[in-house]
Undergrad: 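I have a structure I would like to understand better, so I am pasting it below and will then ask my questions one at a time.
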Amino acid sequence: QVQLVESGGGLVQAGGSLRLSCAASGRTFNRYAMGWFRQAPGKEREFVAAIRWSGSSTYYTDSVKGRFTISRDNAKNTVYLQMNSLKPEDTAVYYCAARSDSYYYINVGEYDYWGQGTQVTVSS
């Protein structure tokens with residue numbers, strides 16, 4: 001079992017930056033693949049970024065490549081999402097997710113644990 005708590009969301013102007021954090025409970029955080037997803041009003045939850053348990057590999061959806069960076073600090077049981085050059089279309093509730101596996105995954109159904117989400121609003 002792992003519990004996930006996101007933080008760092010807020011209101012930012014277009015072109016600005018935010019860094020989301022996801023703190024995980026448990027002693028085996030370094031054995032979990034981690035992902036970030038987002039859900040805008042009236043839309044399905046979508047994949048944003050993922051990272052292997054070692055941090056050696058990352059994967060991004062095309063719309064955030066070059067702007068967002070996922071990283072993790074296994075000593076702090078935390079995964080981050082650095083978001084730069086934010087756009088109004090990035091507005092959504094952002095969720096982190098965990099799966100007890102070494103690889104990374106991009107589908108909602110492939111993750112076992114979810115945080116409660118943090119709101120990101122980008123104004124134009």
Side-chain angles (χ1 to χ4, degrees):
Q1 280 275 0
V2 62
Q3 292 183 326
L4 305 172
V5 179
E6 301 98 334
S7 61
L11 174 63
V12 64
Q13 288 188 331
S17 299
L18 284 174
R19 188 176 82 155
L20 305 183
S21 299
C22 174
S25 64
R27 301 179 181 179
T28 58
F29 176 74
N30 62 354
R31 296 300 184 185
Y32 284 85
M34 300 296 296
W36 284 98
F37 291 75
R38 64 187 180 187
Q39 188 167 17
K43 294 188 177 181
E44 293 187 349
R45 193 169 298 188
E46 65 174 3
F47 170 76
V48 176
I51 189 166
R52 294 188 66 172
W53 65 12
S54 65
S56 60
S57 296
T58 57
Y59 190 78
Y60 300 91
T61 192
D62 286 346
S63 63
V64 307
K65 284 181 181 176
R67 300 189 298 123
F68 291 12
T69 302
I70 187 171
S71 62
R72 64 191 297 161
D73 185 338
N74 286 343
K76 295 183 178 180
N77 281 15
T78 302
V79 63
Y80 305 97
L81 186 67
Q82 177 67 44
M83 305 186 295
N84 299 328
S85 302
L86 282 161
K87 305 175 181 180
E89 51 264 42
D90 294 318
T91 295
V93 177
Y94 282 70
Y95 299 88
C96 71
R99 173 185 169 122
S100 180
D101 204 323
S102 63
Y103 200 58
Y104 55 69
Y105 298 85
I106 65 172
N107 297 305
V108 171
E110 291 173 323
Y111 285 86
D112 301 313
Y113 304 101
W114 292 85
Q116 83 290 347
T118 185
Q119 177 70 47
V120 171
T121 303
V122 184
S123 62
S124 57

Undergrad: So does Glu89 have more than 12 non-hydrogen atoms from other groups sitting under 6.0 Å from CD?
TA: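 Yes, enclosed.
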Undergrad: Side chains of Tyr95 and Leu4, heavy atoms from C-beta outward: is any pair under 4.5 Å?
TA: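 They are not in contact (no side-chain heavy atoms under 4.5 Å apart), so the answer is no.
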Undergrad: Decide yes or no on side-chain contact (heavy atoms from CB on, under 4.5 Å) for Val5 and Gln3, but give the supporting numbers first.
TA: CA-CA 7 Å; Val5 179; Gln3 292 183 326; 5.6 Å; no
Undergrad: Side chains of Leu11 and Gln119: does their closest heavy-atom pair fall under 4.5 Å?
TA: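 Leu11 vs Gln119: side chains apart.
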Undergrad: Please verify the inter-ring angle class for Tyr113 with Tyr32; under 30° counts as parallel, over 60° as perpendicular, anything in between as tilted.
TA: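 Plane angle over 60°, so perpendicular.
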Undergrad: Give the minimum heavy-atom separation between Val108 and Trp114, together with the two atoms involved.
TA: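 The answer is O-CZ2, 3.5 Å.
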Undergrad: CG/Asp112 to CD/Gln1 distance, rounded to the nearest 0.5 angstrom?
TA: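 One gets 9.5 Å once the value is rounded to the nearest 0.5 Å.
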Undergrad: Same hydrophobic cluster for Met34 and Phe68, using side-chain heavy-atom links shorter than 4.5 Å among ILVMFWY?
TA: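 Cluster IDs for Met34 and Phe68 match.
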Undergrad: Using salt bridge (Lys or Arg N to Asp or Glu O under 4.0 Å) as the criterion, list what pairs up with Arg72, not counting sequence neighbours.
TA: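 Checked Arg72 against salt bridge (Lys or Arg N to Asp or Glu O under 4.0 Å); zero matches.
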Undergrad: Hey, quick one: are Tyr103 and Phe47 part of the same hydrophobic cluster, counting side-chain heavy atoms closer than 4.5 Å, chains of contacts allowed?
TA: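 Cluster IDs for Tyr103 and Phe47 match.
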Undergrad: Quick test of your reading: applying salt bridge (charged side-chain N to carboxylate O under 4.0 Å, His left out), list the pairs with at least one residue in residues 96-107, sequence neighbours left out, ordered by first then second residue.
TA: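 Listed by first then second residue: Arg99-Asp101.
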Undergrad: Do Leu20 and Val122 share a hydrophobic cluster (ILVMFWY, side-chain heavy atoms under 4.5 Å, transitive)?
TA: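 Same cluster: Leu20 reaches Val122 through Ile, Leu, Val, Met, Phe, Trp or Tyr contacts under 4.5 Å.
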Undergrad: Could you check whether any side-chain N or O of Tyr60 sits under 3.5 Å from a backbone N or O of Ile70, counting only pairs where one atom can act as donor and the other as acceptor?
TA: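 Yes, because the side chain of Tyr60 sits within donor-acceptor range (under 3.5 Å) of the backbone of Ile70.
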Undergrad: Considering non-hydrogen atoms only, spot the tightest contact between Thr118 and Gly9 and give its length.
TA: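 Taking every non-hydrogen atom into account, OG1-N, 3.2 Å.
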Undergrad: Quick one, Trp36 and Glu6 - any side-chain contact, counting heavy atoms below 4.5 Å?
TA: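 Yes - at least one pair of side-chain heavy atoms lies under 4.5 Å apart.
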Undergrad: Hey, could you give me the OG1/CG distance between Thr28 and Asn77, rounded to the nearest 0.5 Å?
TA: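 Answer for the OG1-CG pair, Thr28 versus Asn77, is 8.5 Å.
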Undergrad: Got Val64 and Arg38 here, is their nearest side-chain heavy-atom distance under 4.5 Å?
TA: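 Yes, close enough: below the 4.5 Å cut-off.
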Undergrad: Compare all side-chain heavy atoms of Val120 with those of Met83 and state whether any distance is below 4.5 angstrom.
TA: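 In contact.
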Undergrad: Would you sort out whether Asp90 and Lys87 count as a salt bridge (charged side-chain N to carboxylate O under 4.0 Å, His left out), showing the intermediate values?
TA: CA-CA 5 Å; Asp90 294 318; Lys87 305 175 181 180; over 6 Å; no
Undergrad: More than 12 non-hydrogen atoms from neighbouring residues, nucleotides or ligands closer than 6.0 Å to NZ on Lys76, yes or no?
TA: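 Count not over threshold, so no.
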Undergrad: Can you check whether Tyr104 reaches Ile51 side chain to side chain, under 4.5 Å on heavy atoms?
TA: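 Contact flag for Tyr104/Ile51 side chains = no.
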Undergrad: Is it possible for you to say whether Phe37 and Val93 belong to one hydrophobic cluster, with membership spreading through side-chain heavy-atom contacts below 4.5 Å?
TA: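 Same cluster: Phe37 reaches Val93 through Ile, Leu, Val, Met, Phe, Trp or Tyr contacts under 4.5 Å.
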Undergrad: Would you give the length of the straight line joining atom CD1 of Ile106 to atom CD of Glu46, rounded to the nearest 0.5 angstrom?
TA: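 CD of Glu46 is found 12.0 Å from CD1 of Ile106.
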Undergrad: Please determine whether residues Leu18 and Tyr94 belong to a single hydrophobic cluster, defined as Ile, Leu, Val, Met, Phe, Trp and Tyr linked transitively by side-chain heavy-atom distances below 4.5 Å.
TA: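 Linked within one cluster.
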Undergrad: Suppose the criterion is side-chain hydrogen bond (donor to acceptor under 3.5 Å, both in side chains): which pairs have a residue in residues 47-56, not counting sequence neighbours?
TA: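 Pairs touching residues 47-56 that pass the test: Ser54-Ser56.
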